[in-house]
Amino acid sequence: VPYHCYSASSDRMRVAAIQMHAVLGEVDTNLKHASRFVEKAARQGAKAVVLPEFFTTGLGYHPSMMHAHRPLNGKPMQMLKQLSRDLQIWLGGSYLAESDGHVYNTFVLAVPDGRIFTHDKDFPTADMEQLLYAGGEDNEFFKLLKKPIIRQVIPERKGNIKSGVFDIGDFRIGNAMCWELVRKRTDRRLLEGKTDLILAGSGWWHFSDPKEPAEQLGGTEQHW
């Protein structure tokens with residue numbers, strides 16, 4: 001029987017936006033916390049649940065962030081797929097995902113029948129983000145620059161749904177992350193995709209204890 005979280009007999013659907021304070025770079029810890037929040041949302045009747053951007057790692061200047069990416073189909077994706085199936089919900093969130101030797105900021109949407117849909121954020125925004133992942137459409141972005149900077153252009157990931165529009169059958173789900181939400185290009189692609197519902201997430205950076213990074217790096221105390 002096809003899964004429907006929306007039907008013609010109802011014009012309402014309960015959606016949950018999860019807010020969580022991720023521990024910097026602690027992927028396994030954050031996955032456990034996220035699972036509990038998702039289960040609680042489902043118990044309260046949510047049929048679509050969205051986790052924050054970088055829900056597996058948080059975002060900040062910290063040595064652990066350089067090793068906090070995971071394979072695209074690794075633990076974070078497996079958690080999303082299992083919870084979606086077990087709880088019969090649409091479940092999405094973005095994390096630092098490695099694919100073909102490159103790391104992207106990938107939003108993964110899992111639906112109960114086991115399918116997954118993925119969209120890579122168009123390009124890194126904050127300076128620390130540029131240290132952690134490649135843009136999902138680097139070539140398109142560099143074409144727009146009046147004075148291109150000299151750097152390696154990372155190829156678009158195979159399987160990336162560049163439009164961010166997921167056709168799951170009865171619904172077209174749109175996705176955008178953080179600063180994608182303030183770009184006209186995002187508006188155009190979501191409108192052209194005729195989305196019924198937009199699931200969006202954002203993750204803001206925070207500063208760690210100023211002593212901790214310096215100690216781990218073997219230097220003197222620094223203020224970030």
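- Here the side chains of F37 and Q19 are not in contact, with every heavy-atom distance at 4.5 Å or above.
- When every heavy atom of A41 is checked against every heavy atom of A16, the shortest pair comes out as CB-CB, 3.7 Å.
- Transitive grouping of hydrophobic side chains (ILVMFWY, heavy atoms separated by less than 4.5 Å) keeps V165 and Y104 in distinct clusters.
- Within the 3.5 Å criterion, the main-chain N or O of G164 finds no donor-acceptor partner in the side chain of N175.
- The shortest side-chain heavy-atom distance between F54 and E129 falls under the 4.5 Å cut-off.
- Between the side chains of T106 and D120, a donor-acceptor pair is found at a separation under 3.5 Å.
- Put simply, the side chain of L80 reaches to within 4.5 Å of the side chain of L51, judged on heavy atoms.
- Distance alone, capped at 3.5 Å, places no donor-acceptor pair between the R85 side chain and the V111 backbone.
- When all heavy atoms are compared, the tightest approach of N30 to M20 is O-CE, 3.7 Å.
- Put simply, the side chain of I173 reaches to within 4.5 Å of the side chain of W90, judged on heavy atoms.
- The hydrophobic cluster containing L190 does not contain F171, counting ILVMFWY residues as joined when their side-chain heavy atoms lie under 4.5 angstrom apart, directly or transitively.
- Residue L132 forms a side chain to side chain contact (heavy atoms under 4.5 Å, CB included) with just one option from V103, N105, L59, and that option is L59.
- The cationic group of R183 lies under 6.0 Å from the six-membered ring centre of F123 and within 45° of the ring axis, placing it in a cation-pi geometry.
- For NZ of K162, the number of neighbouring non-hydrogen atoms (other residues, nucleotides, ligands) closer than 6.0 Å is greater than 12.
- The cluster map of Ile, Leu, Val, Met, Phe, Trp and Tyr, joined by side-chain heavy atoms under 4.5 Å apart, puts L83 and Y95 in the same cluster.
- Under 4.0 Å is where a charged nitrogen must lie from a carboxylate oxygen, and between E180 and R185 no such pair does.
- Note: K184 NZ to L191 CG = 9.5 Å, rounded to the nearest 0.5 Å.
- H67 and P63 make their closest contact through CD2-O, 4.0 Å (heavy atoms, listed as atom of the first residue, atom of the second, distance).
- Put simply, V182 and I198 are part of two different groups of oily side chains (I, L, V, M, F, W, Y) that touch within less than 4.5 Å, one to the next.
- Among all heavy-atom pairs drawn from T125 and Q130, the shortest one is O-NE2, 3.4 Å.
- Here OG of S202 is found 5.5 Å from CD of E53. Values are rounded to the nearest 0.5 Å.
- Here the side chain of E98 pairs no donor or acceptor atom with the backbone of P71 at under 3.5 angstrom.
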List the steps and the verdict of side chain to side chain donor-acceptor pair (under 3.5 Å) for R70 and T57. CA-CA 10 Å; R70 293 294 182 269; T57 59; over 6 Å; no
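- For the pair I89/P112, no side-chain contact is recorded, criterion being any heavy-atom separation below 4.5 Å from C-beta on.
- Using a 4.5 Å cut-off on side-chain heavy atoms (C-beta onward), H33 and T29 make contact.
- In terms of heavy atoms, A34 sits closest to M79 at CB-CE, 4.4 Å.
- L87 and I116 fall within a single hydrophobic cluster, where Ile, Leu, Val, Met, Phe, Trp and Tyr side chains are chained together by heavy-atom contacts under 4.5 Å.
- Here E26 contributes atom CD and S64 contributes atom OG; the two are 6.5 Å apart, rounded to the nearest 0.5 Å.
- With contacts defined as side-chain heavy-atom distances shorter than 4.5 Å, the pair N160/H119 qualifies.
- To the nearest 0.5 Å, the span separating CG on D187 from CD on E192 amounts to 10.5 Å.
- Taking every heavy atom of both residues into account, A46 and V49 meet most closely at CB-CG2, 3.9 Å.
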For the pair R172 and D196, evaluate salt bridge (charged side-chain N to carboxylate O under 4.0 Å, His left out) and give the outcome as yes or no after the intermediate values. CA-CA 5 Å; R172 284 180 177 267; D196 298 299; over 6 Å; no
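- Looking only at side-chain heavy atoms (C-beta outward), F117 and F107 stay at 4.5 Å or farther from each other.
- If you take CD on Q82 and OG on S35, they are separated by 8.5 Å, rounding to the nearest 0.5 Å.
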